[in-house]
Every structure is written in structure tokens, then in C-alpha cells.
Amino acid sequence: MKLKGNTIFITGGGSGIGRGLAEALHKRGNQVIIAGRRKGTLSEVAKANPGMRWVELNIEDPASVEAVAKKLIADYPTLNVLINNAGVMQIDDVSTAVDEKLLVSTLTTNVMGPIRLTGALIEHLKRQGDAVVINNSSVLAFVPLAMTAIYSATKAALHSYTMSLRYKLKGTPVKVLEIAPPWVQTDLLGSNNEPRAMPLAEFIEETMRVLGTDAEEVLVERAKPLRNNAGPRDAAFVNQFNDMMASPK
């Protein structure tokens, strides 16, 4: 995709990968609008990046999604890039009954939210000369982490949805991309200082390089071993991966 001259809306832009992408794209001369639930955090990020804008959004609430989409179209008629980045990740145990609140929140935020928001903006994006929808999934879409089974399942669902969306939008001005991050040092599961995770700045830098190409799947090198695992014999690899993650550091 082109990396400058866009009007870009990023959900979950107040921290982690969302903030990293927002700031990197802002520096390249794009109008960036970030969204999330924490107004104070969004305001601080925008203040640190003069010219960046923000809007409060509850991605779990269909009414909030609809209202924000209408506001974006009215206030930013040149909006041409949507980045569905917002997500929640919690430890679970599917060998017993899964907590209902965790289940509903994760499914609503990680799957229904991006589908609803894309649906609310897609006709506007089709009218742009050059538009992009980017869904932020995870390598766990391809190799599930058993201790976050629901999160992993939602990312697999988002990957599937992304492929269908890409197919249905063939012949339109809208490109559909997928970012599948590896383990990155962010707030998710308190991984900010996790030595086994990829430093956020390194991830953003490499991701931006790949975004500037024609790649439909935006993969950093650390993501490729897990992304490339999918196949008829993937069960053994999944078991090895989970054994490794469950072992002491």
C-alpha cells in the first residue's frame, strides 16, 4: 500500500501495536485518527503527535460502532484506510467451563467488532480511488496457544473473514491486508518486558517495510515459522509449541 497521503482510522490506537502503527503512519504524512475506550489515553497520544485526531469508540457496542462510522464519514470524507487493530487477550482454560464474560467480550471485540466496523465503512471505502482494510490478526490464528484458546480462535476466525472479504472485494478499489504479529512486547498478558517477545519498535519498523510492498499478508520474519506451519500435519507442531510456552522461562 502507499504509505503517505492517506486518511487512516485505527482502532485500539492508544497503546501497543495500534499506537506504534498510528505514530509511524502519522510521521509519514498521513492524517491518522485513533480510537478506543480510554479518552484520557487517546488524548495523550494525540497531544504527543500534533495533528493526530482521536474518537472514543466502544467496539463491543453496535450503536457506538454505527455512530463513530457516521461521524468519520462526515468529518473525514477522504477516509480511505481502516485498520481493525483493537483486541483483547485473556488467559482461559477450555478444559473446563469458560467464563461467560471472557467469552463474550473476546468474541465481540476481536471478531464481531471488526466485521461490524468494516460493514459500516465499506460502502464509503468503495467510493475512494484507493482504499485499504487492514485486519490485525496473530500468528496464533495458525498455531493456537492453548492457554488463550478463545483469543486464538478469534484470530483464526478473523483470518478466515479477511480472506473472504478480500475475495468479495476483488474488482473494487478496496485492498484487504492482514497483519499477523508474532509475540510482541505490549500490554497484552503483561508482555512489555518479556525477553522472548519481539520489541515493539522493531516490530513496527519491519511491519512498515512490508506494508510498503504489495504483500497481502504483512509478516515480519519472526512470524513466518508459525504462519508457514499450517497444514495436515500441524497437530504435532501445535503440541510442541504449547509445551514450550508452558515451560518455565
Subject >> Donor-acceptor pair, side chain of Gln185 and main chain of Glu194, under 3.5 angstrom >> reply: yes

**OP:** Tell me, with the steps shown, if Phe142 and Leu226 meet side chain to side chain contact (heavy atoms under 4.5 Å, CB included).
**Re:** CA-CA 7 Å; Phe142 312 103; Leu226 297 187; 5.7 Å; no

**OP:** For residues Leu121 and Ile73, determine if any side-chain heavy atom of one lies less than 4.5 Å from a side-chain heavy atom of the other.
**Re:** yes

**OP:** Answer yes or no: is there a donor N or O on one side and an acceptor on the other, between the side chain of Gln90 and the main chain of Tyr151, under 3.5 Å?
**Re:** no

**OP:** Look at the side chain of Lys175 and the backbone N and O of Leu169, then say whether any donor-acceptor pair between them is shorter than 3.5 Å.
**Re:** no

Original post:
Should the pair Arg209-Glu205 be classified as a salt bridge under the 4.0 Å nitrogen-to-oxygen rule?
Top reply: yes

**OP:** Mark yes or no for whether Thr11, through its side chain, and Ala86, through its backbone, hold a donor-acceptor pair below 3.5 Å.
**Re:** yes

Original post:
Is Asp243 atom CG crowded by more than 12 heavy atoms from other residues, nucleotides or ligands, each under 6.0 Å away?
Top reply: yes

**OP:** Answer yes or no: is there a side-chain heavy-atom contact under 4.5 Å between Arg116 and Thr108?
**Re:** yes

Subject >> Val68-Ile134 co-clustered via ILVMFWY side chain contacts under 4.5 Å >> reply: no

Original post:
Quick one: does Thr148's side chain get under 4.5 Å of Ile91's, heavy atoms only?
Top reply: yes

Original post:
Checking His159 side chain against Ser138 main chain: does a donor-acceptor pair fall under 3.5 Å?
Top reply: no

Original post:
Would a hydrophobic clustering, with Ile, Leu, Val, Met, Phe, Trp and Tyr connected at side-chain separations under 4.5 Å, put Leu165 with Leu79?
Top reply: yes

**OP:** State which residues pass side chain to side chain contact (heavy atoms under 4.5 Å, CB included) with Val111; sequence neighbours excluded, sorted by chain then number.
**Re:** Ile115, Thr154, Ala157

Which donor-acceptor pairs under 3.5 Å do the side chains of residues 34-47 make with protein atoms, sequence neighbours left out?
from, atom 1, to, atom 2, distance (Å)
Arg37, NH1, Glu60, OE2, 3.3
Arg37, NH2, Asn58, OD1, 3.4
Arg37, NH2, Glu60, OE2, 2.5

Original post:
Honestly curious: do Met89 and Val104 fall in one hydrophobic cluster under the side-chain, below-4.5 Å linking rule?
Top reply: no

Subject >> Test item: Asn80 side-chain N/O and Asn6 main-chain N/O as donor-acceptor pair under 3.5 Å >> reply: no

**OP:** Mark yes or no for whether Asn85, through its side chain, and Gly12, through its backbone, hold a donor-acceptor pair below 3.5 Å.
**Re:** yes

Original post:
When you check the gap from the basic side-chain N to the acidic O, do Lys27 and Glu23 get nearer than 4.0 Å?
Top reply: no

**OP:** Mark yes or no for whether Asp92, through its side chain, and Ile150, through its backbone, hold a donor-acceptor pair below 3.5 Å.
**Re:** yes

**OP:** Would you confirm whether Asn30, through its side chain, and Val32, through its main-chain N or O, come within 3.5 Å as a donor-acceptor pair?
**Re:** no

**OP:** Answer yes or no: is there a donor N or O on one side and an acceptor on the other, between the side chain of Arg227 and the main chain of Pro225, under 3.5 Å?
**Re:** no

**OP:** Mind listing the closest non-hydrogen atom pair of Pro114 and Thr118 along with its distance?
**Re:** O-OG1, 2.7 Å

Subject >> Worked check of side chain to side chain contact (heavy atoms under 4.5 Å, CB included) between Leu158 and Asn110 >> reply: CA-CA 8 Å; Leu158 187 61; Asn110 295 1; over 6 Å; no

